Every structure is written in structure tokens, then in C-alpha cells.
Amino acid sequence: MTLSLVTGSTGYVGGRLVPQLLDADHDVRVLVRSPEKAEAHDWADRVEIVPGDATSDDDVRRAMEGVDVLYYLLHSIGNGADWVETERRMAQSFADAAQAAGVKRIVYLGGMDPEGEELSTHLRSRKQVGEVLLASGVPTTVLQAGVVIGSGSASFEMLRYLTERLPVMVTPKWVHTRIQPIAVRDVLRYLVGSASMPSDVNRTFDIGGPDVLTYLEMMQGYAKVAGLSRRRVVPVPVLTPGLSSHWVGIVTPVPASIARPLVDSLKNTVVASENDIQQYVPDPPEGLIGFERACELALTKIQTLDVPTRWSSAATAGAPSEPLPSDPDWAGGSLYKDERTREVDASPESLWTIIEGIGGRNGWYSWPLAWWIRGLMDRLIGGPGLRRGRRNQKDLVVGDALDFWRVEATDDSTFLRLRAEMRVPGLAWLELQVGSTEGGTTTFHHRALFHPRGLLGHAYWWAVWPFHGIVFGSMQRNIAQAAERLERGEEPQAHHGIRRRQ
């Protein structure tokens with residue numbers, strides 16, 4: 001059996017690659033900083049989960065022991081000012097550890113390297129990582145892809161929302177760049193097939209689908225598949241990548257910190273210069289998946305709530321990653337709390353159903369205008385805002401993005417803890433808990449916590465504190481009432497209001 005170590009296994013591609021490798025009879029080990037995120041996946045009980053940090057040389061060496069194939073799927077795009085150097089250091093650490101452990105092959109998914117063009121920072125970093133791995137002394141396969149089309153990918157979400165929300169588009173000149181998109185299913189097939197390449201193969205391979213299109217043609221093609229009218233275009237050549245990324249950040253769920261490197265890369269022609277991969281991973285009998293078919297498959301996944309991973313499966317750049325401090329004996333400084341408990345005339349199961357369904361299309365069951373304004377403010381300063389929505393409208397697992405929150409803990413029956421990823425001067429959490437009294441009454445306990453950072457953090461808490469009674473009080477009341485309606489067999493009312501326009 002082949003033992004494959006998958007890095008980035010809780011991310012967009014890694015989370016989909018693991019089950020594909022298992023189906024191909026690989027033994028799979030995953031290196032994850034938060035085991036809870038891996039344990040939330042359906043494949044968790046079929047893999048070896050190794051806790052560790054990809055920036056720790058000791059953790060990397062420990063995870064590499066006995067590994068035959070390393071799948072390197074890590075990236076730090078937009079993660080701080082020095083993210084390019086962070087990517088290089090991580091790649092070097094894994095390269096050294098793989099060589100020392102006798103790994104037989106490294107497989108890496110990077111970006112295309114168009115000859116004769118000045119690369120964007122994103123593509124330049126992807127190229128640098130590939131070069132580090134190729135120089136490791138371990139036979140390495142570097143797959144160079146352009147735009148990946150699949151439900152939940154950042155590139156697809158950007159394309160989808162730009163097309164759906166802008167029937168008349170003011171477009172920069174990068175919409176005329178030639179692109180060879182590829183379906184995520186074909187990417188996964190190439191990744192799995194690369195594990196068995198001969199030991200003398202140590203090189204890059206361009207991978208792409210059967211269609212070469214401009215970004216504008218991709219938007220028109222998506223509109224056709226989605227049943228939308230043909231989009232009207234007003235070209236504005238002076239719209240810079242910086243301005244474009246802020247525009248994308250406002251219109252789509254992808255925050256500006258991630259949109260900027262993606263948009264900047266659209267200035268580069270990403271068309272395969274060779275098709276040598278076919279010698280080692282032949283095309284399937286039915287051929288590669290075309291662009292419009294890839295869009296159809298992605299939309300079907302979205303409509304049937306069957307999106308296994310999303311771009312937001314990875315934490316938002318700049319968002320806090322620290323777990324909740326163990327209060328009340330936490331010695332980390334101030335920890336502000338707002339706690340409320342309410343009796344609910346419904347079963348614990350009905351109350352949990354409503355709690356687990358919050359956010360996304362259902363909204364937050366209180367003062368929609370306040371949530372809309374808070375989400376808009378967050379997007380304007382580079383945060384995720386409310387547009388990330390949720391992966392599944394009924395089910396939440398650890399690691400899921402939920403508007404501008406992330407699921408940090410849940411027992412899938414009585415307790416949900418959300419960590420804030422909006423831009424705030426501190427760390428914030430929201431806990432929702434279902435309980436019961438000795439008399440059998442269902443209780444709903446709600447707790448908001450905030451650890452301020454500096455004087456601004458303290459000022460922020462006291463500035464918003466007067467609104468807690470309105471926002472959190474009505475949220476608790478409306479969730480309770482929705483659970484009571486559900487208990488009576490009535491249809492619970494969503495509380496999105498105008499929030500869906502944000």
C-alpha cells in the first residue's frame with residue numbers, strides 16, 4: 001500500500017483529494033493544526049490524523065515518517081505582508097524533511113508560468129514553491145493549473161457572483177486575458193494519477209481543460225449555463241488591479257485580501273504550453289470536462305447542498321486563530337461577556353434545528369439592518385462580511401465558514417461556538433447552547449465574549465455594548481419563537497430581511 005501524506009487536507013482541494021486517494025487504495029495521513037476540523041469530514045475515521053503545525057520543522061519531520069508520497073497543497077495567499085516568504089520557508093521545510101525521510105514522490109499543485117510575461121506576485125510565489133520542491137532531491141511532479149472551476153472554489157465563486165450580480169459590467173482590461181480553465185474533477189484525477197509516475201520524472205506539467213477563453217467569455221458562458229441574460233460590458237481600461245480587487249471584494253463573497261492576488265494574476269495568460277501529462281495520466285474515454293459542463297456540475301452541487309469543501313474552508317487571512325480562552329481562570333487579560341438565558345416552549349431538538357440553521361439565507365433572527373450594515377462595514381475594510389454564507393443550509397461542522405464567523409466547536413446536538421472573523425480590535429466568540437431544567441423545560445443559553453486588543457478594543461466593546469440588548473436580545477427571542485413554531489408544526493420564519501442584498 002502507498003502511504004500518502006496530504007497537507008492542506010481541510011482546504012478546498014485537499015479536502016476533496018483525500019477521499020479520492022482512499023478510493024484509489026492509498027493509506028492516507030493528514031497533517032492538521034486543528035484535528036477537530038479534520039474529524040468533521042466523512043473520511044476522518046479512514047485516515048491517520050497527525051496534529052501539527054506546517055511551520056514547525058519538528059512537526060513536519062514527524063508527519064513525514066514512513067511516507068511514500070507527499071501531496072503539498074499548502075498556501076498562504078494574502079496571509080500577511082510576508083506571505084510569499086512564508087510560502088518559500090514552508091516549502092523548503094517540507095522539501096528537506098521529505099528528502100531525509102526517503103519519500104518517493106512529491107506532488108504539488110501550482111499555477112501556470114507563461115513564458116515572456118511578468119508574473120503576478122501570486123503566480124511568482126507558486127513558481128518559487130515549485131522550484132524549491134523540484135530541487136529537493138525527491139522526484140517531484142508540479143502540476144500547473146489556471147482557473148479551477150468547481151463548486152466552492154474561490155475562482156468559481158468570484159466568476160459566479162460577478163456574473164450574477166452585474167448584468168451591466170464595468171470591466172477592466174484583464175477580462176480579455178486568455179485563460180484555460182480546468183474542472184476540479186480533472187485536477188483531482190491528475191493529482192491521484194501523479195503518485196505513480198516513474199522515479200525519473202522530476203518536472204512541471206501544464207494542466208488545463210479543453211477550452212481556451214477570455215475571462216469575459218467565461219462570464220458570458222456562465223450566464224448561459226445559469227439561465228441569465230447575456231451580460232452587457234462597458235470597458236474601463238484604467239481600472240487597476242488594486243481597484244478591481246476592492247470592487248470584487250464588495251460584489252462577491254471573496255474578501256479583498258484574497259481577491260487582490262487572484263485579480264492580479266488575471267493579467268497573465270494562463271494557457272497550457274504543452275500536454276505531456278497525457279503520457280502518465282491519460283485522458284478518460286469521455287475526454288476532459290469542458291468549461292460549460294464544469295459550470296453545470298458546480299451549480300448542481302450548490303443547488304443540492306452537496307458542496308464538500310469551499311475556498312472559505314481555510315481560515316480568512318488576518319483572522320484570529322486562537323481558541324477560546326478557558327475562562328473563568330484565564331489569565332490573558334480582560335474578557336468581556338454578555339450572557340442571556342431564556343426558557344423555550346419547544347423540545348431541545350427543535351431549538352437545535354433552528355440554532356444550527358442560523359446565518360446564510362436564514363439570517364441571524366434579529367434587526368437585519370444592523371447585521372447588513374455591520375457586514376458592509378467589514379467588507380469595506382477588507383473583512384469577509386456576510387457574503388460567505390454557509391457551506392450547507394442545514395448542517396454545520398467544525399471549520400465551516402458562517403458569514404463572518406467560523407464554527408470553532410459543536411457537538412451537533414446542544415452546543416455551537418462561533419469565532420469572529422470580521423475585522424475587530426480583539427478576539428470575539430458567540431456561543432449558543434441548548435439546555436434543560438430538572439422540570440424538563442428547554443433552556444436557551446446565549447453568550448458573547450470579547451477579548452479586547454489595546455485601548456481601541458476596550459473602546460469598541462463599550463461602543464457596541466448598548467446595542468447588545470437590541471441585537472442579541474431579539475436574536476435570542478426570535479430563535480426561541482422560531483423553535484416554538486417548528487415544534488407546533490408551523491414553518492419557521494427566516495430573518496434575513498434586506499441582509500441578502502449586502
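If you're wondering where the values come from, they're calculated on a predicted model, not measured in any experiment.
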Engineer: Decide yes or no for L188 and D186: does some side-chain heavy atom of the first lie under 4.5 Å from some side-chain heavy atom of the second?
Structural biologist: no

Engineer: Would you say the ring centers of Y108 and Y71 fall short of 6.0 Å from each other?
Structural biologist: no

Engineer: Between Q144 and D113, is there a side-chain donor-acceptor contact under 3.5 Å, judged purely by atom types and distance?
Structural biologist: no

Engineer: With a 4.5 Å cut-off on side-chain heavy atoms, are E431 and H446 touching?
Structural biologist: no

Engineer: When you measure from the side chain of S9 to the backbone N and O of G15, does any donor-acceptor pair fall under 3.5 Å?
Structural biologist: no

Engineer: Please determine whether a side-chain nitrogen of the Lys or Arg among E421 and R419 lies less than 4.0 Å from a carboxylate oxygen of the Asp or Glu.
Structural biologist: yes

Engineer: If we count only N and O atoms by modelled type, under 3.5 Å, do the side chains of H26 and T2 hold a donor and an acceptor together?
Structural biologist: no

Engineer: What are the two closest non-hydrogen atoms of C295 and F156, and how far apart are they?
Structural biologist: SG-CE1, 4.0 Å

Engineer: Should R406 and D400 count as side-chain neighbours, where that means a heavy-atom distance under 4.5 Å?
Structural biologist: no

Engineer: Please answer whether the main-chain N or O of M90 pairs with a side-chain N or O of S93 as donor and acceptor at a distance below 3.5 Å.
Structural biologist: no

Engineer: If we ignore angles and hydrogens, is there a donor and acceptor under 3.5 Å between the side chains of T55 and D53?
Structural biologist: yes

Engineer: Quick check: closest heavy atoms across G52 and L31, and the distance to 0.1 Å?
Structural biologist: CA-CD1, 3.7 Å

Engineer: Give a yes or no answer on whether the side chain of D403 reaches the backbone of G360 with a donor-acceptor pair at less than 3.5 Å.
Structural biologist: yes

Engineer: So, for L5 and A63, which heavy atoms are closest and what is the spacing to 0.1 Å?
Structural biologist: CD2-O, 3.9 Å

Engineer: What pair of heavy atoms forms the shortest contact from L70 to A98, and how long is it?
Structural biologist: CD2-CB, 4.4 Å

Engineer: Of the non-hydrogen atoms in L134 and N202, which two are nearest, and what is the gap between them?
Structural biologist: O-ND2, 3.2 Å

Engineer: Quick one: do R126 and E87 make a salt bridge, cutoff under 4.0 Å?
Structural biologist: yes

Engineer: State, yes or no, whether a side-chain contact exists between V67 and S4 at a heavy-atom distance under 4.5 Å.
Structural biologist: no

Engineer: Could you check whether any side-chain heavy atom of L288 comes within less than 4.5 Å of a side-chain heavy atom of R189, counting everything from C-beta outward?
Structural biologist: yes

Engineer: Indicate yes or no: at least one non-hydrogen side-chain atom of V148 is less than 4.5 angstrom from one of I182.
Structural biologist: yes

Engineer: Fit a plane to each ring of F472 and H468, take the angle between them on a 0 to 90° scale, and name the class: parallel (under 30°), tilted (30 to 60°) or perpendicular (over 60°).
Structural biologist: tilted

Engineer: What residues, two or more places apart in sequence or in another chain, satisfy salt bridge (charged side-chain N to carboxylate O under 4.0 Å, His left out) together with D206?
Structural biologist: none

Engineer: Within the structure provided, determine whether V407 and L418 are in side-chain contact (heavy-atom separation under 4.5 Å).
Structural biologist: yes

Engineer: Does any pair with a residue in residues 64-73 pass salt bridge (charged side-chain N to carboxylate O under 4.0 Å, His left out), and if so which ones, sequence neighbours excluded?
Structural biologist: D68-K104

Engineer: Which heavy atom of T7 sits nearest to which heavy atom of L73, and what is that distance?
Structural biologist: OG1-N, 2.9 Å

Engineer: Would you mind checking if D42 and R46 are paired as a salt bridge, meaning a charged N to carboxylate O distance below 4.0 Å?
Structural biologist: no

Engineer: One thing to verify: whether R423 and D378 come together as a salt bridge, which I'm taking to mean a side-chain N less than 4.0 angstrom from a carboxylate O.
Structural biologist: no

Engineer: Mark yes or no for whether R361, through its side chain, and R390, through its backbone, hold a donor-acceptor pair below 3.5 Å.
Structural biologist: no

Engineer: So, using salt bridge (charged side-chain N to carboxylate O under 4.0 Å, His left out) as the criterion, who are the partners of E117 when residues are at least two apart?
Structural biologist: none

Engineer: Between R61 and D59, does any side-chain N to carboxylate O distance fall below 4.0 Å?
Structural biologist: no

Engineer: Within the 4.5 Å heavy-atom criterion, are V30 and I49 side-chain neighbours or not?
Structural biologist: yes

Engineer: With side-chain hydrogen bond (donor to acceptor under 3.5 Å, both in side chains) as the test, would you mind laying out the steps for D23 and Q20 before giving the verdict?
Structural biologist: CA-CA 5 Å; D23 290 345; Q20 297 285 326; 5.3 Å; no

Engineer: To the nearest 0.5 Å, what is the distance between CG on L416 and CG on L430?
Structural biologist: 7.5 Å

Engineer: Between Q99 and D96, is any side-chain donor less than 3.5 angstrom from a side-chain acceptor?
Structural biologist: no

Engineer: Verify, without hydrogens or angle tests, whether S34 (side chain) and E36 (backbone) share a donor-acceptor contact under 3.5 angstrom.
Structural biologist: no

Engineer: Mark yes when over 12 heavy atoms from residues, nucleotides or ligands other than E115 sit less than 6.0 Å from its CD; otherwise mark no.
Structural biologist: no

Engineer: Any salt bridge between R203 and E274, counting N to O under 4.0 Å?
Structural biologist: yes

Engineer: What distance separates L380 CG from L376 CG, expressed to the nearest 0.5 Å?
Structural biologist: 4.5 Å

Engineer: Between Y190 and V281 (side chain of the first, backbone of the second, donor and acceptor by atom type, cut-off under 3.5 Å), is there such a pair?
Structural biologist: no

Engineer: Going by ring-ring contact (aromatic ring centres under 6.0 Å, His included), Y336 matches just one of W461, Y460, W465. Which one?
Structural biologist: W461

